[in-house]
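See below for the structure under consideration.
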Amino acid sequence: MATERYNPKAAEPRWQAVWDENKLFETRNDAPGEKYYVLEMFPYPSGRIHMGHVRNYAMGDVVARFKRARGHNVLHPMGWDAFGMPAENAAMQNKVHPREWTYANIATMRAQLKSMGLSLDWSREFATCDVDYYHRQQMLFLDLLEKGLAYRRKSKVNWDPVDNTVLANEQVIDGRGWRSGAPVEQRELTQWFFTITEFAEDLLSALDHLPEWPEKVRLMQRNWIGRSEGLLVRWRLDAANKPADIDEVEVFTTRPDTLFGASFVAVAPDHPLSKAAAAGNPKLAAFVEEARRGGTSAAEIETAEKKGFDTGLRAVHPLDPNWTVPVYVANFVLMDYGTGAIFGCPAHDQRDLDFARKYALPVVPVVLPEGADAATFDVGTEAFTGEGTLFHSRFLDGLTPDEGFDAVAKRLEDTDLSGRPQAKRQVNFRLRDWGVSRQRYWGCPIPVLHCEACGVVPEARENLPVRLPDDIDFEKPGNPLDRHPTWRQATCPQCGGPALRETDTMDTFVDSSWYFARFTSPHAAGPTDPQIANAWLPVNQYIGGIEHAILHLLYSRFFTRAMRATGHLDLDEPFKGLFTQGMVVHETYRDGSEWVVPADVSITEADGARTATRLSTGGQIAIGSIEKMSKSKKNVVDPDDIIASYGADTARWFMLSDSPPDRDVIWTEAGVEGAHRFVQRLWRVVSEAAPHLAGAAEAPSDDPAATALRKAAHRAAAGVTDDIERLAFNKAVARLYELVNALAGPFASLDTAAPEARAAAREAATILVRLVAPMMPHLAEECWQALGETGLCAAAPWPVAEPALLRDDEVTLPVQINGKKRGDLTVPAGADKAAIEAEALALDFVQAALGGQAPKRVVVVPGRIINVVV
RNA sequence: GCGGGCGUGGCGAAACGGUAGACGCAGCGGACUCAAAAUCCGCCGUAGCAAUACGUGUCGGUUCGAGUCCGACCGCCCGCACCA
């Protein structure tokens with residue numbers, strides 16, 4: 001009997017409407033069931049969704065639907081990371097207000113997401129540019145300010161000359177702005193900062209307690225935080241020619257054990273000592289000036305030649321008052337790491353060695369590699385940084401570097417030259433405070449005022465929100481808030497006098513650092529309802545791209561701690577489980593120098609060679625490498641097109657099949673068609689069987705055919721459950737193909753089957769449909785209905801496998817001779833080793849291999865294998 | 001340079017130390033059809049008619065047994081990189 005083909009175009013909107021009407025995915029905070037919070041990184045409303053979104057949200061939706069079916073109270077919200085530069089760029093290019101542009105994009109993208117049939121709670125939706133949201137963010141800012149977690153200081157900043165704004169260190173990639181790609185310059189500005197460094201130690205050590213995070217991400221964060229243990233050591237300046245008001249220079253070192261190999265001290269160009277020394281030395285002043293300016297771009301700094309200038313000053317060795325070393329100003333010493341001063345031990349640090357060779361400074365090895373001869377050991381052009389034994393080091397001789405570290409620390413901590421210890425242990429971090437000031441319009445205004453009388457004053461809470469003005473112009477570069485005629489004018493909440501508003505807005509990474517908390521009570525008067533937020537958080541499963549491994553995830557971890565400090569949350573870690581999915585990649589096509597979109601390309605295959613024809617011209621074009629879908633290479637496939645021609649279920653299924661979710665998936669037309677074939681096949685198998693299942697008996701019988709069906713279904717249930725639990729969607733997909741393959745034959749002959757066999761078939765069909773439902777929810781509803789099941793499949797409980805059906809009565813074991821498989825042996829499931837061994841040894845081919853001899857050894861692993869060693 | 005990951009058919013990939021290649025894509029053969037599409041059945045690592053042999057980047061090791069564990073090397077991908 002032929003059935004109608006499944007028509008997703010009709011079915012998908014219909015089921016989406018039914019779910020909506022039933023408010024199936026609206027989550028009540030007090031609903032029964034263990035809470036489970038699934039979250040995918042919310043999108044930036046750039047205009048349209050792309051395949052990366054489809055993959056991300058398909059995965060999250062599988063988890064959400066699965067957990068819901070398992071009886072959890074699932075929170076699965078969606079919102080918009082809506083502030084940011086592209087809206088301003090659009091405003092400049094198209095004369096459209098950023099707000100209009102943003103909300104129009106949101107409307108488009110919301111409709112696209114809805115067409116995917118995601119089980120989202122849209123009642124909790126918000127955009128970070130909603131006044132409601134940034135109002136709460138301003139409250140948070142004032143709380144942070146009050147607690148000393150936000151502060152203002154003058155600092156060198158990364159200035160993006162194209163976007164005309166400041167960038168955080170994290171936003172500078174290879175010396176270029178992460179968004180504009182322009183070489184970043186260094187400028188000095190007064191900026192707002194969050195004290196992320198206060199939490200450095202905790203942010204680092206807590207990584208050890210995030211077992212459900214990818215090791216890769218934890219490692220990247222560890223490196224970013226960059227903890228190093230060292231010693232602060234004060235070097236007195238030789239009294240002979242020191243500057244009047246500076247007596248000493250403090251250096252930070254992680255290798256105090258190599259102090260006896262010291263041959264110079266170097267300070268940063270910005271160091272007070274540089275300035276003092278340059279005062280009476282025009283040449284030095286010129287060097288300092290050049291070094292400070294020298295290469296404003298970070299890229300230049302990295303490749304810049306390492307240069308120094310001898311100040312003529314001498315520093316006294318902390319362990320020998322009669323030993324002095326020259327003090328240099330060096331362009332590679334950074335003022336904002338450690339103390340801005342180092343001592344150089346050329347033998348055991350490559351950079352110091354290069355420097356010493358260049359300026360003819362002594363190179364004295366003090367760590368002897370194992371096996372080397374103390375009398376002859378010398379470093380050539382390569383510094384020795386390995387383990388060994390200290391020598392040429394007086395009281396440290398014979399110690400290991402670690403022991404030497406401790407010995408020096410002890411000696412200098414105790415030494416008391418001027419009423420203070422000469423050194424102290426210190427832990428330094430590479431992590432810097434998070435600069436959040438942005439000189440942009442389309443962001444959350446920083447709610448402070450500048451009063452001539454009172455200085456920087458927080459806006460009064462009753463005056464919040466500080467709203468963005470609507471009437472702005474983007475005719476000129478720079479920050480439109482700065483030149484707004486009236487917006488800046490305000491009243492000082494302290495003295496009542498006139499004050500000017502801060503015109504910096506917050507980095508958009510602030511917006512995304514707490515949105516997951518806001519979702520738990522999106523209408524709360526404060527930033528969160530702490531009780532509700534604490535009940536939902538941490539997010540059980542967070543899913544997004546690896547590109548956020550440092551920025552967004554580190555900021556969110558900090559913000560969660562900051563929100564704890566300000567009483568809005570009571571936890572440290574926002575995301576218990578993190579999954580970073582791979583990208584969607586596609587072949588590229590090129591017509592001469594022009595990239596061609598896949599929709600304009602037809603691929604033909606003959607004799608293993610593939611040729612591409614451009615549809616619009618009929619000409620043959622080149623097939624290029626497989627790359628991340630991007631507008632620049634035009635290798636993008638629009639999700640709308642796919643959904644229109646195949647349906648959302650096909651797109652979802654394809655995204656989940658084939659590639660493991662953490663790896664890149666290659667989007668191919670053939671793959672999508674394969675996925676769609678399965679959609680139709682599943683529909684055919686179920687819908688053609690359905691009429692025969694209506695009259696099924698209540699209980700399945702235990703005849704072999706019925707049991708085989710039941711076993712197949714229950715095994716798949718156990719396997720798919722396990723796979724989804726581990727986010728191995730590709731394996732779950734494979735298992736479902738297997739199940740359908742196993743059911744198709746028996747289902748085709750149901751018209752002659754006994755009622756009991758039909759009962760087994762019915763059970764298998766309902767299990768199959770429910771297993772498929774998280775991935776292809778519309779098709780599942782359609783099948784569910786065809787099977788005559790009541791209620792919605794999306795509300796049906798997850799199938800539970802019966803353990804009895806997962807066991808076999810008999811097992812077939814491979815029999816190996818000397819580790820090579822030579823045959824099989826079928827034994828009862830519970831057979832003991834001795835019985836199996838006896839049976840195996842009686843096999844013809846085993847006897848033949850033995851040739852009358854006794855086996856050297858027989859390995860029997862019940863349920864696994866038999867290996868006869870002859 | 002440092003750190004991490006990965007190398008398995010034509011392709012995407014499976015495989016608690018236990019039958020390598022499940023499942024899908026592509027391909028090949030057949031059925032149905034006037035024909036095509038769709039669908040169904042079968043084949044599909046290499047060599048060989050076959051029995052069989054050889055096969056998980058290379059070389060070595062551990063083991064009754066290695067894609068999996070250990071060592072060395074080769075290649076690719078990703079992250080970080082004046083951090084004292």
Side-chain angles (χ1 to χ4, degrees), chain A residues 2 5 173-174 214-224 226-228 230-231 251-256 258 266 268 298 301-306 330-334 336-345 349-352 354-355 385 428-432 546-547 549-550 605 607-608 610 626 653-654 657-660 662-666 668-675 677-678 680-681 684 728 730-741 744-745 748 812-824 855-861 863-870:
Chain A
R5 278 173 70 79
I173 294 148
D174 293 334
E215 181 54 36
K216 181 173 43 171
V217 174
R218 289 190 283 166
L219 200 81
M220 283 164 77
Q221 293 214 352
R222 243 175 238 133
N223 291 338
W224 188 265
R227 181 183 197 274
S228 54
L231 212 56
V251 310
F252 177 73
T253 176
T254 56
R255 294 296 302 272
T258 64
I301 291 170
E302 266 173 38
T303 53
E305 190 190 350
K306 288 159 190 42
N331 64 350
F332 60 83
V333 180
L334 308 174
D336 58 356
Y337 184 79
T339 59
I342 62 166
F343 84 80
C345 175
D349 182 288
Q350 191 59 45
R351 198 195 42 210
D352 293 350
D354 296 342
F355 192 82
T385 55
N428 264 0
F429 293 93
R430 212 183 73 107
L431 185 69
R432 303 293 145 79
I546 185 72
E547 66 273 20
I550 297 174
E605 197 161 342
D607 301 326
R610 303 169 70 245
I626 296 172
W653 185 254
F654 178 64
S657 54
D658 284 355
S659 287
D662 52 342
R663 266 187 242 178
D664 292 352
V665 64
I666 306 171
T668 62
E669 189 67 14
V672 180
E673 270 165 17
R677 267 203 296 280
F678 180 71
Q680 295 297 349
R681 178 167 152 87
R684 210 162 38 241
N730 57 323
K731 292 188 216 168
V733 164
R735 248 185 251 275
L736 288 164
Y737 273 114
E738 277 179 293
L739 179 57
V740 172
N741 289 343
T812 299
L813 301 176
V815 181
Q816 298 180 332
I817 308 285
N818 293 335
K820 302 243 182 213
K821 193 203 167 190
R822 287 293 180 268
D824 293 308
K856 276 194 194 134
R857 183 170 175 182
V858 181
V859 179
V860 177
V861 183
R864 278 284 161 208
I865 204 156
I866 301 156
N867 188 13
V868 181
V869 185
V870 295

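Side-chain atoms are counted along with the backbone in the values below, which use heavy atoms only and exclude waters and symmetry mates. Numbers restart at 1 for each chain; the letters A, B, ... are given by sequence-line order, proteins then strands.
- Among the protein residues, A:Lys216 comes within range of no part of the nucleic acid, since none of its heavy atoms lies under 4.0 Å from any strand.
- Within the nucleic acid shown, A:Asp349 has no heavy atom closer than 4.0 Å to any nucleic acid atom.
- If you check every strand for non-hydrogen atoms under 4.0 Å, A:Ser659 touches sugar and phosphate atoms only.
- As judged by a 4.0 angstrom heavy-atom cut-off over every strand, A:Glu738 is placed among residues touching the sugar-phosphate backbone only.
- Of the N and O atoms on the side chains of A:Arg681 and A:Asn741, at least one donor lies less than 3.5 Å from an acceptor on the other residue.
- Within the nucleic acid shown, A:Arg822 comes within 4.0 Å of sugar-phosphate atoms alone, with no base atom in reach, counting heavy atoms only.
- Among the atoms of the strands shown, only primed sugar atoms or phosphate atoms (P, OP1, OP2) are found under 4.0 Å from some heavy atom of A:Gly674.
- Applying the 3.5 Å distance criterion, the base of B:C80 shares no donor-acceptor pair with the side chain of A:Asn223.
- Using a 4.0 Å heavy-atom criterion, one finds that A:Lys856 contacts no nucleic acid atom at all.
- A:Asn741 comes within 4.0 angstrom of sugar-phosphate atoms only, judged by non-hydrogen atoms across all strands, and of no base.
- Heavy atoms of A:Tyr737 sit under 4.0 angstrom from primed sugar atoms or phosphate atoms, though from no base atom.
- Contacts of A:Val333 with the nucleic acid, taken as non-hydrogen atoms under 4.0 Å apart, include base atoms.
- Here B:G9 is in the syn range [glycosidic angle within 90° of 0].
- If you check every strand for non-hydrogen atoms under 4.0 Å, A:Arg677 touches sugar and phosphate atoms only.
- For B:C83, the base has a donor-acceptor partner in the side chain of A:Arg432 [N/O atoms by modelled type, under 3.5 angstrom].
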